[in-house]
Amino acid sequence: MTIQPPMNDILIDRDELDFLLWDWLGLQDVLDRSGSEVDREAADAILAMSHKLARDSFLPLFKLTDANEPVLEAGEVRALPQIGEALREYASLGLFAAGFSEDHGGLGMPTLLSSGSLLQFFAASLAVSAYPMLTVANARLLTTFGSAAQIETFAMPQIAGEWFGTMCLSEPQAGSNLADVATRAMPDGEDGLGARYRLFGNKMWISGGDHDLAGNIVHLVLAKIPGDDGQVGADTRGISLFVVPKFLPDGARNDIVVTGLNHKLGYRGTTNCVLAIGESGSPVAGGDGALGWLVGEPGQGLPQMFQMMNEARLNVGMGAAAAGYRSYRHASIYARERLQGSPIGAVAKTSGPIIRHPDVRDMLMAAKCYGEGALALVLYCARLVDTAKHDPADDALLSLLTPVAKTWPSEWGLAANDIAIQIHGGYGYTRDFDVEQLWRDNRLNPIHEGTTGIQAQDLVGRKIRKDKAGAFDRLGDLIAATVAASVDTAMAAQGAQLGETWDRIAAAVAQLRECDAAAANENATGFLRAFGHVVVAWQWLDRALLCVDAAAEDRVRAAKPWACRYFFERELPRIGAWLGPIEGESRLLSQMNEDYL
């Protein structure tokens with residue numbers, strides 16, 4: 001018997017999305033406070049429209065872009081034309097502009113709603129969705145820090161979806177360590193766009209770095225302005241930010257040359273380029289080097305770029321959540337349709353669906369907890385983006401949770417992908433079924449926008465040890481409120497377990513704050529994993545408390561308490577292994593002879 005792949009129309013379940021947005025996160029309250037003219041009816045229409053466009057225009061490109069990678073021909077990158085067609089439809093519906101103010105040609109949509117929309121596109125195709133994700137973040141940075149002329153010239157065409165944008169940070173010799181950035185920016189006078197510079201250097205791993213899908217590409221480039229001695233510093237203090245377009249305002253080609261394409265495990269429809277900036281020797285506007293304009297003040301490039309980096313980190317987590325969740329849905333459907341074996345002790349020995357087997361149920365519930373837990377986490381952070389604009393405490397909480405929102409979905413969404421392949425058995429690792437590509441696409445996300453280890457250093461070094469805003473205590477108060485709400489309910493045992501677990505996390509935080517920086521860094525990744533699991537456990541309990549009386553036929557809500565119990569029984573105990581080295585003040589890794597590795 002040959003198993004046929006299911007109809008490939010599986011995205012984010014609308015009932016699940018509605019529960020998260022309206023019932024749990026209070027989207028109506030967010031809309032009311034934002035002053036947006038969008039009401040419930042309009043929001044529902046936007047979500048329905050997003051699902052339809054994602055299903056009809058992005059989803060058909062899922063496998064097509066994987067099989068037809070971009071190519072470099074005579075110095076020009078050619079991408080699949082259908083990507084451009086889909087993104088023009090996306091632009092025509094105003095979705096590039098959705099989250100921008102009306103002053104910038106936008107719809108003024110809250111981040112929570114625009115994220116609910118974006119999740120459908122991420123689920124349909126991470127590769128195609130990467131272009132608008134980067135473009136929107138690029139334009140948002142320019143509207144925050146750019147001059148009026150820079151906004152009009154470079155941001156507005158991106159908000160309209162006519163031009164696309166990138167972020168150019170990494171270099172061949174400087175991956176995650178931006179202090180090693182060697183790209184130079186030499187002063188070249190001033191014009192209507194501000195202080196003008198000539199840039200020279202190389203950039204690596206630039207997603208969307210070149211293609212033929214849009215009228216122009218706006219690069220935001222980190223570079224160093226040499227000092228009076230003509231030398232660039234060896235730290236991050238001299239890094240400045242420049243807007244460097246592929247085509248200059250007069251239509252001339254800037255000196256930005258693609259020297260190679262990176263061929264990736266997944267996301268194959270997203271061009272990923274090695275760029276030589278100002279290195280060709282071809283004169284531009286009467287001089288050598290690529291022309292760029294300073295954004296903001298000299299030396300402020302890294303603080304400015306952190307806005308785009310943090311937005312990208314949240315979006316990477318969102319994409320990882322969508323890919324993990326979609327794999328779970330595929331596996332759930334397959335397990336109901338695949339007939340094989342009968343459970344031990346069953347009276348009838350005829351083959352039944354594999355979902356009857358305890359091992360398959362175990363895997364499915366784990367994937368459900370990972371996929372739905374990741375969706376909840378990223379949407380909770382999207383809500384914080386909205387409330388942080390008016391509440392410093394929420395801004396601090398968002399900062400604390402950003403490394404978690406990037407990392408937890410990237411690692412555990414990937415675990416859901418892995419489980420989905422296992423449930424599919426031999427079919428799972430064939431290209432006929434979607435789950436193998438979803439795993440490949442998602443495998444990039446634990447590396448995108450800072451590896452797990454880098455996020456751990458950020459969490460422990462910047463957010464925990466230097467928590468001047470009291471974000472950790474604020475989170476503790478929120479968790480305590482959920483624990484209190486669980487008393488005298490069917491979830492009381494889980495509430496008590498969460499309270500005890502949080503006490504253990506708080507004790508580990510006290511140790512991390514008291515030890516030296518090297519010791520804290522050594523065990524930071526384990527802490528990030530433990531911390532992420534506790535945050536997700538809290539959110540599972542918070543959602544389950546809304547559903548303890550749900551009718552059995554309400555499949556989305558009735559399943560929540562069961563998933564919560566599973567997570568607390570099977571997942572939360574993992575934190576003991578992660579916190580153990582901190583509690584034992586382990587220095588195993590630093591004391592070990594590197595020759596033993």
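Atoms considered below: every heavy atom in the structure, side chains included; atoms not considered: hydrogens, waters and symmetry mates. Everything numeric in this text was worked out from a predicted model, so none of it was measured.
Using cut-offs of 30° and 60° for the angle between ring planes, the F433 and Y427 rings count as tilted. Classified by interplanar angle (parallel below 30°, tilted 30° to 60°, perpendicular above 60°), the ring pair Y380/W538 is perpendicular. The aromatic rings of F527 and F531 sit parallel to each other, their planes meeting at less than 30°, with 60° as the upper class boundary.
The backbone N or O of G324 lies less than 3.5 Å from no partner atom in the side chain of S327, so there is not a single donor-acceptor pair. A distance-only check finds no donor-acceptor pair linking the side chain of S125 to the backbone of F62 [under 3.5 Å]. Checking side-chain atoms of D441 against main-chain N and O of A127 turns up no donor-acceptor pair under 3.5 Å. The backbone N or O of A312 lies less than 3.5 Å from no partner atom in the side chain of H448, so there is not a single donor-acceptor pair. Looking only at distances, no side-chain donor or acceptor of Q494 sits under 3.5 Å from a matching main-chain atom of F568. Looking only at distances, no side-chain donor or acceptor of R326 sits under 3.5 Å from a matching main-chain atom of A322. R336 places no side-chain N or O within donor-acceptor distance of the main-chain N or O of I355, the cut-off being under 3.5 Å. Between the side chain of T135 and the backbone N or O of P132, no donor-acceptor pair lies under 3.5 Å. Checking side-chain atoms of N521 against main-chain N and O of A517 turns up no donor-acceptor pair under 3.5 Å. Side-chain atoms of K264 come within 3.5 Å of backbone atoms of T270 as a donor-acceptor pair (strictly under, hydrogens ignored).
Taking 4.5 Å as the limit, every side-chain heavy atom of D18 sits out of range of all side-chain heavy atoms of D23. Counting heavy atoms from C-beta outward, V534 and L498 have side chains that approach closer than 4.5 Å. Side-chain contact between C381 and T402 is absent, with no heavy atoms from C-beta onward closer than 4.5 Å. L21 is listed as a side-chain neighbour of L47, based on a closest heavy-atom distance under 4.5 Å. Residues L95 and L53 form a side-chain contact, since some pair of their non-hydrogen atoms from C-beta on lies under 4.5 Å apart.
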**OP:** Evaluate the criterion side-chain hydrogen bond (donor to acceptor under 3.5 Å, both in side chains) for residue pair S50 and Q120; output intermediate values, then yes/no.
**Re:** CA-CA 7 Å; S50 299; Q120 298 289 6; over 6 Å; no
Subject >> Trace of the side chain to side chain contact (heavy atoms under 4.5 Å, CB included) decision for V535 with L377 >> reply: CA-CA 8 Å; V535 169; L377 175 62; 4.0 Å; yes
**OP:** Run the numbers on L545 and S486 for side chain to side chain contact (heavy atoms under 4.5 Å, CB included), then give the verdict.
**Re:** CA-CA 7 Å; L545 290 174; S486 71; 4.1 Å; yes
Original post:
Between D13 and R555, is a salt bridge (charged side-chain N to carboxylate O under 4.0 Å, His left out) present by the stated rule, with each step listed?
Top reply: CA-CA 12 Å; D13 182 271; R555 59 181 182 81; 2.9 Å; yes
**OP:** List the steps and the verdict of salt bridge (charged side-chain N to carboxylate O under 4.0 Å, His left out) for R329 and D434.
**Re:** CA-CA 11 Å; R329 290 197 68 200; D434 286 359; over 6 Å; no
Original post:
Does the pair L314 and M318 meet the rule for a side chain to side chain contact (heavy atoms under 4.5 Å, CB included), with working shown?
Top reply: CA-CA 6 Å; L314 293 174; M318 196 178 301; 5.7 Å; no
**OP:** Let me see the working for R557 and D15 under side chain to side chain contact (heavy atoms under 4.5 Å, CB included), right down to the final yes or no.
**Re:** CA-CA 9 Å; R557 290 162 180 79; D15 289 339; 5.7 Å; no
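Taking a 6.0 Å sphere around CZ of R443, one finds it holds 12 or fewer heavy atoms contributed by other residues, nucleotides or ligands. For D477, the CG atom counts as densely surrounded, since its 6.0 Å shell holds more than 12 non-hydrogen atoms of other residues, nucleotides or ligands. Within 6.0 Å of atom CD in E585, 12 or fewer heavy atoms from other residues, nucleotides or ligands are found, so the atom counts as exposed in its surroundings. Counting non-hydrogen atoms of neighbouring residues, nucleotides and ligands closer than 6.0 angstrom, the CD atom of E69 exceeds 12 such neighbours.
At a threshold of 4.0 Å, the pair R440-E436 counts as salt-bridged, since one of the basic side-chain nitrogens sits closer than that to a carboxylate oxygen. Electrostatic pairing of D394 and R474 counts as a salt bridge here, judged by a charged N lying under 4.0 Å from a carboxylate O. A salt bridge links K368 with E372: at least one charged nitrogen is closer than 4.0 Å to a carboxylate oxygen. Ion pairing between D66 and R431 fails under the 4.0 Å rule for side-chain N and carboxylate O.
For the pair R504 and W502, the NZ or CZ position fails the cation-pi test of under 6.0 Å to the six-membered ring centre and within 45 degrees of the ring normal.
Side-chain contact annotation: T407 with Q455, donor-acceptor N/O pair under 3.5 Å absent. No side-chain N or O of N417 forms a donor-acceptor pair with one of Y370 less than 3.5 Å apart. With no hydrogens or angles considered, a side-chain donor-acceptor pair links D542 and W24 at under 3.5 Å.
Looking at every heavy atom in both residues, A376 comes nearest to R543 through CB-NH1, 3.1 Å.
The distance between the ring centers of Y90 and Y131 does not fall below 6.0 angstrom.
When the salt bridge (charged side-chain N to carboxylate O under 4.0 Å, His left out) test is applied to R313, no partner is found at least two apart in sequence or on another chain.
The stretch residues 398-426 participates, sequence neighbours left out, in these salt bridge (charged side-chain N to carboxylate O under 4.0 Å, His left out) pairs: E411-R529.
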